[in-house]
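In what follows, a structure is listed as structure tokens, so that the remarks can point back to it.
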Amino acid sequence: MKHPLFVLSLSATLLTGGIAFAHHRWGSYDASKPFSITSAVQRADWQNPHVMIVVTHTNKNWEAVLAPPFRMNARGLEPDMLKPGTQVIVEGYPSTRVENEMRAERITIGGKTFELR
């Protein structure tokens, strides 16, 4: 084999590219059914790969998948803005695979709306 480093590099690129592609597939959310939840934050997990918050909708807890932490920071959102008890409006799409999960497109906190995608 004349170029083992090239083959190794190509393999690594394809593998990591495939993982990134699989991670960023949003096909498991139904974009034809947008809805919003107005609720106090029950819990917030500010970590990679996505920030998650738990809010209440129709007497059930919903997990809202937000943007990655670096994007949240770039949009002006900080972890202390999503403390439990903070009133938010989350707009997004329901999961087709996980009951009571949504992909959040935007979040409104204190009258200010942040686009997440």
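Note that the structure is a prediction, hence the values are computed from the model and not measured.
Identified under the salt bridge (Lys or Arg N to Asp or Glu O under 4.0 Å) test for residues 33-42, with sequence neighbours left out: D30-K33. The salt bridge (Lys or Arg N to Asp or Glu O under 4.0 Å) pairs that include a residue from residues 42-68 are R43-D45, R43-E63, where partners are two or more places apart or lie in different chains.
Note on Y29 and V54: separate hydrophobic clusters, where clusters join Ile, Leu, Val, Met, Phe, Trp and Tyr whose side-chain heavy atoms are under 4.5 Å apart, directly or indirectly. Both I109 and L66 are part of a single hydrophobic cluster, where members link through side-chain heavy atoms under 4.5 Å apart. Grouping the Ile, Leu, Val, Met, Phe, Trp and Tyr side chains by contacts below 4.5 angstrom, directly or via other members, places Y93 with M52. Transitive grouping of hydrophobic side chains (ILVMFWY, heavy atoms separated by less than 4.5 Å) brings M72 and F114 into a common cluster.
One distance of note links CZ of R75 with NZ of K112; it measures 12.0 Å at 0.5 Å rounding. E105 CD to T113 OG1: the interatomic distance, rounded to the nearest 0.5 Å, is 13.5 Å.
Neither side chain, S28 nor T96, offers a donor N or O lying under 3.5 Å from an acceptor on the other.
Closest approach of G85 to A40, counting heavy atoms only: O-CB, 3.9 Å. Scanning all heavy atoms of the two residues, the minimum distance from S39 to T56 falls at OG-N, 2.9 Å. Closest heavy-atom contact between L77 and N73: O-ND2, 3.2 Å. Closest approach of Q42 and V55 over heavy atoms only: CG-CA, 4.3 Å. Minimum heavy-atom separation, P69 to W46: CB-NE1, 3.5 Å.
Side-chain contact between W62 and V90: absent, with no pair of heavy atoms (C-beta onward) separated by less than 4.5 Å. No side-chain heavy atom of V41 sits under 4.5 Å from any side-chain heavy atom of K83. Contact of the I107 side chain with the I53 side chain is registered, since non-hydrogen atoms from C-beta on lie closer than 4.5 Å. When side chains are defined from C-beta on, P94 does not count as touching M102, because their heavy atoms never get closer than 4.5 Å.
Aromatic ring orientation, F35 versus H57: tilted (interplanar angle from 30° to 60°).
E115 has no carboxylate O lying under 4.0 Å from a charged side-chain N of R117, or vice versa, which leaves the two without a salt bridge.
With a 6.0 Å radius and a threshold of 12 heavy atoms from other residues, nucleotides or ligands, E99 has its CD atom at or below the threshold.
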